[in-house]
S.K.: 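Handing you a structure now.
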Amino acid sequence: MPTVTSEKKRPAARSAGRPAPELIFGDLWEYDPSPETADPRLKARYDHFIGGRFTAPASGKYFDSINPANEAKLAELAHGSAADVDAAYAAARKAFDTTWGRMPGRERAKYIYRIARLLQDRAREFAVAETMDGGKAIKESRDFDVPMAAAHFFYHAGWADKLDYVAPGRKVAPLGVVGQVIPWNFPLLMLAWKLAPALAMGNTVVIKPAETTSITALKLAEIFQDAGLPPGVVNIVTGFGDTGAAIMTHPVAAKVAFTGSTEVGKIIMRSLAGTDKKMTLELGGKAANIVFDDAPIDQAVEGIVNGIFFNQGHVCCAGSRLLVHEPVAAEVLAKLKNRVKVLRIGDPLDKNTDIGAINSKEQLGTIERLVATGVKEGATMFQPACKLPSKGYYFRPTIFSGVSMSHRIAREEIFGPVLSVLTFRTLEEAVEKANNTAYGLSAGVWTDKGSRILKMSTELKAGVVWANTYNKFDPASPFGGYKESGFGREGGRQGLLDYCKLA
Ligand code: ADP
């Protein structure tokens with residue numbers, strides 16, 4: 001498969017810097033297909049999970065869940081109405097009052113630990129289901145999403161009998177019933193991020209997965225049944241924005257937690273103004289990955305690729321802006337293009353695939369529209385000339401150079417495999433450009449100097465700053481944003497504090 005279009009040779013780097021390497025012209029080797037074959041054990045139809053049982057929607061309405069890799073129907077999902085949300089909250093309230101809220105933490109820990117173990121037992125099956133439902137490459141769902149989801153349950157099982165240490169000198173108590181709504185980029189992992197701390201603390205939950213990616217949540221409900229989790233501790237209602245709104249505004253919810261777009265986050269904040277509900281929001285991002293001239297360039301290139309092309313760029317903390325020090329700008333860009341040319345795009349179930357399918361037709365349209373504005377506003381676009389599957393939703397990894405801060409592609413969250421490259425001359429300029437955004441979720445710094453890392457991590461207004469790496473997660477490490485990226489933290493002791501009352 002040819003990977004390179006005819007391209008003008010790049011000008012040599014500035015005299016102060018290193019010369020840019022030649023671009024490699026050549027073909028990407030074809031591999032034989034290597035599909036992951038584990039059975040995802042999908043059902044033709046999924047009902048809500050309320051009070052420990054799969055429950056048909058009150059309206060009798062279902063909608064289709066589509067595999068974005070080939071546009072085939074995967075299953076039917078229940079369309080949740082206000083009546084379903086009421087039933088879910090009633091079950092959660094009862095479970096809080098009668099079992100979960102009264103159970104000692106050491107007993108809750110056993111259930112959470114069991115959930116983690118059962119998820120590990122069925123890891124390959126869950127990875128295949130996640131990939132078919134959401135479009136992400138199997139190597140990501142297999143090596144990242146599912147193991148990290150299990151790790152979150154393990155970590156929080158470990159906290160459940162040590163809650164006295166969450167806030168030393170204070171007593172902690174659960175809030176009651178918590179309403180949660182999550183997006184489609186990490187369906188199972190976001191579910192684990194939301195459920196594990198809430199359950200460890202003794203809360204019960206009503207949660208809605210995203211409409212395009214609900215299947216692994218309902219598969220996890222099978223695990224809740226197998227683990228003997230008391231009925232009503234976790235209730236899953238599927239549906240669209242109206243169902244999500246009913247969960248967020250329900251009078252029984254003591255707290256709501258939302259991960260999704262800044263736009264919907266603002267709607268939720270407005271709808272809860274004047275109520276006493278606690279709230280945490282994890283919203284969009286427009287992270288800067290900042291490369292200084294003393295950085296290990298090859299590792300940085302790998303980190304940049306990981307930061308934006310990983311998971312098709314469907315990552316709120318994606319390193320979607322590359323800020324590169326002028327002396328190494330030409331070198332970094334040339335190496336980046338070489339790397340992108342050998343990324344494999346296609347069938348997400350193939351173990352060799354690096355970039356899978358875009359999650360939905362709507363999201364593909366959003367990416368295409370924003371990329372068109374980049375071209376129109378005068379940035380230089382680079383895409384490898386790889387062949388895309390004829391069916392399904394795919395988008396080539398895209399690099400824009402010659403981008404300025406006024407371009408829409410430098411300011412708006414694209415949520416796709418699209419990188420905007422800007423340059424800087426001084427540390428102050430890098431900080432200024434990195435912080436010049438409405439968001440503040442994450443950032444990356446690549447440099448050999450420890451002192452520069454410390455200075456940058458203090459000055460960057462981002463919840464997470466990765467140094468000489470990118471997109472690294474750990475259940476013990478709190479994650480969350482500043483500014484329009486939201487508030488509250490998930491993971492670590494800080495994440496637990498968002499799910500308790502302090503006395
Ligand atoms: P994205 O743009 O990433 O799809 P959204 O914010 O639209 O993010 O969706 C994230 C989650 O929020 C999904 O589960 C979606 O169904 C839900 N949602 C959409 N609109 C609303 C709303 N008004 N209130 C509550 N949840 C909503």
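One-based numbering, in listed order, for ligands and for the atoms of each. Values in this document were obtained by computation on a predicted structure and should not be read as measured data.
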S.K.: Is it true that Lys219 and Glu125 make a salt bridge, defined as a side-chain N closer than 4.0 Å to a carboxylate O?
M.R.: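 Answer for the salt bridge query: yes.
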
S.K.: Can you produce the list of protein nitrogen or oxygen atoms under 3.5 Å from a nitrogen or oxygen of ligand 1, alongside each distance?
M.R.:
from: ligand 1; atom 1: 4 (O); to: Trp184; atom 2: NE1; distance (Å): 2.8
from: ligand 1; atom 1: 6 (O); to: Ser261; atom 2: N; distance (Å): 2.9
from: ligand 1; atom 1: 6 (O); to: Ser261; atom 2: OG; distance (Å): 2.7
from: ligand 1; atom 1: 14 (O); to: Ile182; atom 2: O; distance (Å): 2.8
from: ligand 1; atom 1: 14 (O); to: Lys208; atom 2: NZ; distance (Å): 3.1
from: ligand 1; atom 1: 16 (O); to: Lys208; atom 2: NZ; distance (Å): 2.8
from: ligand 1; atom 1: 16 (O); to: Glu211; atom 2: OE1; distance (Å): 2.6
from: ligand 1; atom 1: 24 (N); to: Ala245; atom 2: N; distance (Å): 3.4

S.K.: Taking the six-membered ring of Tyr111, is NZ or CZ of Arg108 closer than 6.0 Å to its centre and within 45° of its axis?
M.R.: no

S.K.: Return the orientation label for the Trp184 and Phe415 ring planes: parallel under 30°, perpendicular over 60°, tilted otherwise.
M.R.: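 Ring orientation of Trp184 relative to Phe415: perpendicular.
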
S.K.: Classify the angle between the aromatic ring planes of Phe49 and Phe224 as parallel (below 30°), tilted (30 to 60°) or perpendicular (above 60°).
M.R.: tilted

S.K.: Can you list everything that forms a ring-ring contact (aromatic ring centres under 6.0 Å, His included) with Trp193? Sequence neighbours excluded, please.
M.R.: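 In terms of ring-ring contact (aromatic ring centres under 6.0 Å, His included), with neighbours along the sequence ignored, Trp193 is linked to His152, Phe479.
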
S.K.: Side chains of Phe153 and Ile223: does their closest heavy-atom pair fall under 4.5 Å?
M.R.: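 With C-beta onward as the side chain, the pair stays apart.
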
